2 protein chains.
Amino acid sequence: MTPTKSSRPSVRDRILSTASELFYKEGVNNVGIDRIIAESGVAKMSLYNHFKSKDDLIATWLQQRDERWRIWFKATVERLATEPSDRVLAIFDALQEWFEQPNFRGCAFINSTIELANPEHPGYQVSLHHQQTIFDYIYSLVKSAELSDPEILTQQLILLFEGAIVVAMMQHNIEVAVRAKQAASVLVTAKSKS
Amino acid sequence: MTPTKSSRPSVRDRILSTASELFYKEGVNNVGIDRIIAESGVAKMSLYNHFKSKDDLIATWLQQRDERWRIWFKATVERLATEPSDRVLAIFDALQEWFEQPNFRGCAFINSTIELANPEHPGYQVSLHHQQTIFDYIYSLVKSAELSDPEILTQQLILLFEGAIVVAMMQHNIEVAVRAKQAASVLVTAKSKS
DNA sequence: TACACTACAGACAGACTTGTCTACATAATC
DNA sequence: GATTATGTAGACAAGTCTGTCTGTAGTGTA
């Protein structure tokens, strides 16, 4: 039943994979170490050999998720639109694809920040960095589209962006992505130089 | 040092007051029963005589906070603006006043929903109800201002609203209220019938 | 073959959690 | 004044949590 050692992912990857799924679905505070080792089929000492502590595992998870999410998001936006001005709005189409995933439960970085409630936690800095890189990416799209007041516009788009994520999470309502895109379209048009 | 019994608030109120402060500041999962009884100067059995369980205390807290927050929000909006069209935008000025409070840590209902991660929890329904009443109130303002597509506009304003709350919480950035108001102004203008 | 490394399995400590129970004190009411 | 309500103080049970430790099995390498 269990795959052979060679075909199986490494112990570290199995731990991170299981932790990722559970942490996102149920929250970092609601998932214990024992759950993670049981579901990943790993010895407890193996976990503590690869990660200094649970907090370290959480921070590593967030770091990995930050990288992967950004790669996915960028690729999705660029798949959905090619023109710079279209790509600014396509971020909300990408959002919708995210919302449609059956296991969607909001932004892991917002959620973890709230759960940890501690700015000293290593995961908090990762979360802030995540939001900053999202800003940078959207800002680059806005600049490419040659829209006025790019910084202000980006900040406004981010409010729609984060708002949509939170409302979609709370109400299980995918439609908000469309509403956000409509609103963004009005804001973008107002900043068009044409 | 301790006030006399007669001048002191009731045991139930002291428990709720302490729980409210701690639950909001540190999160429901990070605050234990023992903390609450110690800081409110109450016996453990007194707490369990007034509340069936910790979950019951959480739900009661959210219910009380829902009522009080809505009363505060409505009063603040109506203090800041009188004309219907101004009141639609004044919701973001009220937001800013909220953000400026030193103990601001986002929306208790979003936070609790994330922490509990369980739609069956009695507090979850309270949170959904809270969001619905916010929608209803903003919708009533939009209707009074006689703007087009009131439902769609309200949904869009709520995205800015919730987005501002989350970003303000994450980044400790009060300025987002101004950005949200600017964006809302553009959306409202686009829906003006004049 | 011998050694080192990695992982498994599970006991264990110590701290923390919620909720119950008892014993005692104070306040209000008949 | 006696009784009933309510609150205090703290022990306690039963479970959870993180993190450490021991012993054993398997694998790769010298």
Side-chain angles (χ1 to χ4, degrees), chain A residues 1-23 25-62 112 115-118 120-124, chain B residues 1-20 22-23 25-62 112 115-118 120-123:
Chain A
M1 201 54 104
T2 50
T4 58
K5 293 283 158 59
S6 57
S7 76
R8 238 179 156 183
S10 79
V11 168
R12 191 172 187 277
D13 288 346
R14 270 190 289 156
I15 295 171
L16 266 175
S17 164
T18 305
S20 175
E21 203 180 303
L22 294 178
F23 281 163
K25 199 199 315 180
E26 306 184 24
V28 291
N29 279 342
N30 296 317
V31 175
I33 292 292
D34 285 340
R35 265 290 283 300
I36 295 170
I37 64 167
E39 297 201 16
S40 56
V42 149
K44 189 174 262 195
M45 272 315 290
S46 299
L47 190 149
Y48 280 100
N49 282 334
H50 285 285
F51 304 96
K52 213 179 78 234
S53 62
K54 186 188 175 182
D55 284 340
D56 182 34
L57 175 60
I58 292 171
T60 307
W61 162 58
L62 287 173
S112 298
E115 278 201 274
L116 300 172
N118 173 19
E120 307 299 314
H121 195 285
Y124 182 69
Chain B
M1 202 53 105
T2 49
T4 59
K5 293 283 159 58
S6 58
S7 75
R8 234 177 161 185
S10 78
V11 168
R12 190 172 187 275
D13 287 347
R14 271 190 289 155
I15 295 171
L16 266 175
S17 164
T18 305
S20 174
L22 294 178
F23 281 163
K25 199 200 315 182
E26 307 185 26
V28 292
N29 280 342
N30 296 316
V31 174
I33 291 292
D34 286 341
R35 265 290 284 301
I36 295 171
I37 65 167
E39 298 200 18
S40 57
V42 148
K44 187 175 264 193
M45 271 316 289
S46 299
L47 189 148
Y48 280 100
N49 280 334
H50 285 284
F51 304 95
K52 214 179 78 233
S53 62
K54 185 186 177 184
D55 283 341
D56 182 32
L57 175 60
I58 292 172
T60 307
W61 163 58
L62 288 173
S112 298
E115 277 201 274
L116 300 172
N118 173 20
E120 305 300 315
H121 194 285

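For clarity, every value in this text was computed on a predicted model and none was experimentally measured. Protein chains get the first letters and strands the later ones, always in sequence-line order, with residue 1 at the start of each.
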Whole Å only: how far is the [atom1] atom of [X] from the [atom2] atom of [N]?
X     : N      : atom1 : atom2 : value
A/I37 : D/dG19 : CD1   : P     : 13 Å
A/N29 : C/dC16 : CG    : P     : 16 Å
B/R35 : C/dT18 : CZ    : C1'   : 16 Å
B/E26 : C/dT17 : CD    : P     : 11 Å
A/Y48 : C/dC8  : OH    : P     : 15 Å
A/I15 : C/dC8  : CD1   : P     : 8 Å
A/D34 : C/dC12 : CG    : P     : 15 Å
B/L47 : C/dC21 : CG    : P     : 16 Å

* To do: Look at the side chain of A/K44 and the base of C/dG10, then say whether one donor and one acceptor between them are separated by less than 3.5 Å.
  =>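 There is none.
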* Spell out yes or no: do the side chain of A/K54 and the base of D/dG19 have one donor N/O and one acceptor N/O closer than 3.5 Å? =>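 Flag unset: no donor-acceptor pair detected.
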* Asked: Does OP1 or OP2 of D/dG7 have a side-chain N or O of B/H50 closer than 4.0 Å?
  ->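 Yes, within the criterion.
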* **Short side-chain N/O contact from A/R14 to OP1 or OP2 of C/dC8, under 4.0 Å** =>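 Result: yes.
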* Asked: Can you check D/dA5 for me, syn or anti if syn means within 90° of 0?
  ->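 Syn conformation for D/dA5.
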* Residue whose closest nucleotide on DNA chain D lies nearer the 5' end, A/D55 versus B/G41 ->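 Its nearest nucleotide lies further toward 5', so the answer is B/G41.
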* To do: Tell me what A/N49 touches on the nucleic acid: a base, only sugar-phosphate, or nothing, going by heavy atoms under 4.0 Å.
  =>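 The residue A/N49 makes no contact with any strand.
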* To do: Both distances under 3.5 Å, Watson-Crick or G-U wobble: report the partner of D/dA5, or none.
  =>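 Base-paired to nothing in any strand shown.
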* Asked: So what's C/dT26 paired with, Watson-Crick or G-U wobble, going by both distances under 3.5 Å?
  ->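 Partner of C/dT26: none.
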* To do: Among the candidates C/dA7, D/dA9, C/dT18, find the nucleotide nearest to the side-chain atoms of B/M45.
  =>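 So the side chain of B/M45 is nearest to D/dA9.
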* To do: Select one nucleotide: of D/dT18, C/dT22, D/dT20, the one nearest the side-chain heavy atoms of A/I33.
  =>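 So the side chain of A/I33 is nearest to D/dT18.
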So, does [X] use its side chain to make a donor-acceptor pair with the main chain of [Y] at under 3.5 Å?
X     : Y      : answer
B/N30 : A/E115 : yes
B/D56 : B/F51  : no
A/R14 : A/V42  : no
A/K44 : A/I33  : no

* Kindly determine whether A/E21 and A/E39 satisfy side-chain contact (heavy atoms from CB on, under 4.5 Å), including the steps that lead there. => CA-CA 10 Å; A/E21 203 180 303; A/E39 297 201 16; 5.7 Å; no
